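Starting from 1, each residue takes its place in the sequence as its number. Bear in mind the structure is a predicted one, so any value in this text is a computation, not a measurement. Quick note: numbers below take in every heavy atom, side chains included, and nothing from hydrogens, waters or symmetry partners.
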Amino acid sequence: MNVRRIITVGAITALSAGILTGCSNSSQGGSNADANSFEFWSFTGIGQGEQVEAYTAENPDITIDLTEVGQSGETAQALTTALAGGQVPDLVLIQGDELPRFVANPGNFHDLREFGADEIADDYLDWVIEQPTAEGGEIIGIPTDVGGMAMAYRTDLFEAAGFPTDRDEVSALWPTWDDFIATAEKYTAATGEPFMDNASTTVFYQAVNQVSEKYYDNDTRELNFDTNPQVKEAFELGIEAATSGTTARTPIFTEAWTAGLQNGAFAVTSAPSWMLGSIESNAPDTAGLWDIATVPVGAGNWGGSFLAIPAGADNPEAAWEYIKATQSPESQLGHFLESGSLPTTPEVYDDPELLGTTDPFFSDAPIGSIYTESLLGVDPFYIGPDSGVIGAELQAAIDNVDYADGDPAAAWDAAVTNVGNAIGG
């Protein structure tokens with residue numbers, strides 16, 4: 001089955017950041033009196049409008065006031081402001097790396113167990129449903145998707161460089177990250193052109209999302225990013241890529257990145273499952289020139305989001321009915337078949353429709369099997385309140401080397417210092 005994609009640029013990215021300067025008047029929260037209507041804040045570019053339209057078509061008595069606030073970081077900032085001011089939406093979508101700071105204050109949200117969340121918790125990957133679960137057992141969110149990882153590559157550019165183009169043969173080029181960087185160097189030596197878009201997302205951010213323990217100790221939940229050898233190794237891989245002369249020095253989601261997708265300025269980019277829609281929507285004329293290979297090491301997750309109901313919501317019951325209907329295993333399978341949004345519900349991972357799903361834009365790559373296999377090998381780690389900030393500072397240090405010829409020998413110490421300054425440590 002071919003997937004029909006509706007995701008656009010922006011997607012679900014842990015890299016989003018910013019301060020919301022204002023929302024429309026319709027999204028100030030705390031004003032709905034009609035029990036059959038509710039207010040929903042989402043971030044842009046992930047097809048929530050289509051889900052809302054489908055739900056209201058099946059439930060014509062329900063009115064949903066959807067506001068796409070901005071990118072994921074902007075939406076989280078807007079929610080923080082709304083919680084402080086007491087005017088909140090009835091339903092909000094929170095990106096995974098933004099979630100821990102809200103889980104730390106569960107009283108700001110409805111404990112979804114009051115609606116029966118504990119009865120459906122087993123429907124979801126255990127390491128995913130743990131993320132919105134507070135220390136006291138409160139469940140403040142229900143997962144909507146996850147981001148299994150892979151690599152997107154241009155078959156035409158690989159062929160011109162004398163490289164294999166078959167996805168299995170390409171995957172065999174890079175069983176490890178060292179092999180991936182070595183492949184990049186061979187490509188650039190053969191063509192004189194960049195191999196990858198950048199080092200911080202295509203190498204570091206994917207490698208650091210394959211670890212068994214990330215920025216916090218899994219048991220004590222204390223910060224340990226600066227002493228964790230797995231994080232340091234991923235950082236060093238990013239620095240190695242940044243100094244290899246194989247990057248296009250192009251951050252994702254920028255105008256230069258969009259242009260690069262279209263004109264072949266780089267041959268490879270990171271491709272967590274949600275990224276495919278961004279590639280397609282930003283470079284529609286390159287259909288059939290891309291394919292999907294496995295990520296080095298083979299497994300990992302980047303991204304995922306959660307639906308939560310603030311404690312001050314006017315119509316929490318209506319919001320819950322929406323969650324329950326749209327995030328059931330059957331519904332999540334439907335979202336994947338329609339848009340490529342990867343389910344968090346493992347019972348559908350052996351569904352023939354999912355496993356048989358291919359993507360014509362990406363040379364009919366079997367995305368159903370590629371991404372579920374990536375997820376099944378995940379060794380989950382704890383995500384803490386400052387995970388997003390830490391990741392951003394580590395990336396910034398690699399970007400400084402990649403884009404601005406910063407000193408690679410000083411990058412780690414600078415990143416650790418900047419993390420301390422950012423989180424007050």
Side-chain angles (χ1 to χ4, degrees), residues 1-13 45 47 147-174 180 183-184 187-188 190-191 193-198 201-203 205-206 246-248 250-296 298 300 302-303 336-337 339-342 356-374:
M1 174 178 182
N2 289 337
V3 65
R4 180 176 67 84
R5 195 171 309 287
I6 54 180
I7 304 176
T8 57
V9 69
I12 308 171
T13 173
M149 299 194 305
M151 288 288 189
Y153 65 98
R154 284 280 294 261
T155 56
D156 58 332
L157 299 181
F158 269 45
E159 182 177 13
F163 278 41
T165 59
D166 175 81
R167 67 181 65 95
D168 291 333
E169 294 179 18
V170 171
S171 298
L173 292 175
W174 51 62
F180 179 81
T183 301
Y187 177 93
T188 298
T191 65
E193 300 295 332
F195 178 73
M196 69 188 89
D197 48 358
N198 65 73
T201 54
T202 293
V203 176
Y205 208 78
Q206 296 203 99
T246 67
T247 80
T250 305
I252 62 173
F253 302 138
T254 60
E255 290 183 4
W257 185 75
T258 297
L261 292 173
Q262 296 169 338
N263 63 29
F266 45 85
V268 173
T269 186
S270 55
S273 53
W274 47 262
M275 182 73 83
L276 302 189
S278 292
I279 296 172
E280 180 177 345
S281 63
N282 282 283
D285 294 338
T286 62
L289 298 180
W290 293 92
D291 207 329
I292 305 296
T294 58
V295 70
W302 171 5
F336 175 78
L337 298 176
S339 69
S341 181
L342 196 62
T357 297
T358 60
D359 194 318
F361 186 90
F362 293 92
S363 303
D364 290 323
I367 59 172
S369 60
I370 288 173
Y371 286 111
T372 51
E373 287 174 12
S374 172

Not counting sequence neighbours, which residues clear side chain to side chain contact (heavy atoms under 4.5 Å, CB included) with Pro251? List them please.
Thr254, Tyr403
With a 4.5 Å cut-off on side-chain heavy atoms, are Thr269 and Ile279 touching?
yes
Test item: Glu280 and Trp290 side chains (from C-beta on) under 4.5 Å apart, heavy atoms:
no
In sequence, state the C-alpha distance, the side-chain angles, and the governing distance for Ser341 and Phe336, and then conclude on side-chain contact (heavy atoms from CB on, under 4.5 Å).
CA-CA 5 Å; Ser341 181; Phe336 175 78; 5.6 Å; no
State the CG-CD1 distance between Leu342 and Ile370, to the nearest 0.5 angstrom.
11.5 Å
Provide the closest heavy-atom pair for Phe195 versus Ala184 in the form atom of the first, atom of the second, distance.
CD2-CB, 3.2 Å
Asp285 versus Gln262: any side-chain heavy-atom pair under 4.5 Å?
no
Donor-acceptor pair, distance only, cut-off 3.5 Å: does the side chain of Glu193 make one with the backbone of Thr188?
no
Just verifying a value: how many Å separate Leu289 CG and Thr165 OG1, rounded to the nearest 0.5 Å?
11.5 Å
How long is the straight-line distance from OG1 of Thr357 back to CD1 of Ile367, given to the nearest 0.5 Å?
6.5 Å
Residues Thr286, Phe361; criterion side-chain contact (heavy atoms from CB on, under 4.5 Å); working and verdict
CA-CA 8 Å; Thr286 62; Phe361 186 90; 3.5 Å; yes
Residue set satisfying ring pair (Phe, Tyr, Trp, His ring centres under 6.0 Å) with Tyr153, at least two apart, ordered chain then number -> Phe158
Once side chain to side chain contact (heavy atoms under 4.5 Å, CB included) is applied, do any residues pair with Glu169, and if so which ones, sequence neighbours excluded?
Pro164, Asp166
Hey, can you tell me if Trp274 and Phe253 have their rings parallel, tilted or perpendicular (30° and 60° cut-offs)?
tilted
Kindly give the heavy-atom pair with the smallest separation between Thr250 and Asn198, and that separation in Å.
O-ND2, 2.9 Å
Can you spot which of Leu157, Leu173, Val268 makes a side chain to side chain contact (heavy atoms under 4.5 Å, CB included) with Tyr187?
Leu157
Could I get the full list of side chain to side chain contact (heavy atoms under 4.5 Å, CB included) partners for Ser363, not counting sequence neighbours?
Arg167, Asp291
Is any side-chain heavy atom of Met275 closer than 4.5 Å to a side-chain heavy atom of Ser270?
yes
Nearest non-hydrogen partners of Pro360 and Thr358, listed with the distance:
CD-O, 3.8 Å
Neighbour count above 12 (heavy atom, 6.0 Å) for Glu159 CD
no
Give the minimum heavy-atom separation between Ala271 and Ala152, together with the two atoms involved.
CB-N, 3.5 Å
Do Trp174 and Met151 have side chains that get closer than 4.5 Å, going by heavy atoms?
yes
Sorted by chain and number, sequence neighbours left out, side-chain hydrogen bond (donor to acceptor under 3.5 Å, both in side chains) with Thr294 holds for Ser171
Residues in side-chain hydrogen bond (donor to acceptor under 3.5 Å, both in side chains) with Ser374, at least two apart?
none
Taken to the nearest 0.5 Å, the spacing of Ile292 CD1 from Ser369 OG works out to 11.5 Å
To check you understand the geometry: which heavy-atom pair defines the closest contact between Pro284 and Ser281, and what is its length?
CD-O, 3.7 Å
Listed by chain and number, what are the side-chain hydrogen bond (donor to acceptor under 3.5 Å, both in side chains) partners of Thr202, not counting sequence neighbours?
Asp197
I want to check something: taking the side chain as every heavy atom from C-beta on, are Trp302 and Met149 in contact at a cut-off of under 4.5 Å?
yes
Minimum-distance pair of heavy atoms, taken over all atoms of Ala293 and Ala150
O-CB, 3.3 Å
Excluding sequence neighbours, so at least two apart, what forms side-chain hydrogen bond (donor to acceptor under 3.5 Å, both in side chains) with Thr183?
none
From CA spacing to verdict: side-chain contact (heavy atoms from CB on, under 4.5 Å), Phe163, Val170:
CA-CA 8 Å; Phe163 278 41; Val170 171; over 6 Å; no
Considering residues at least two apart in sequence or located in another chain, which fulfil the side chain to side chain contact (heavy atoms under 4.5 Å, CB included) criterion with Ala265?
Asn263
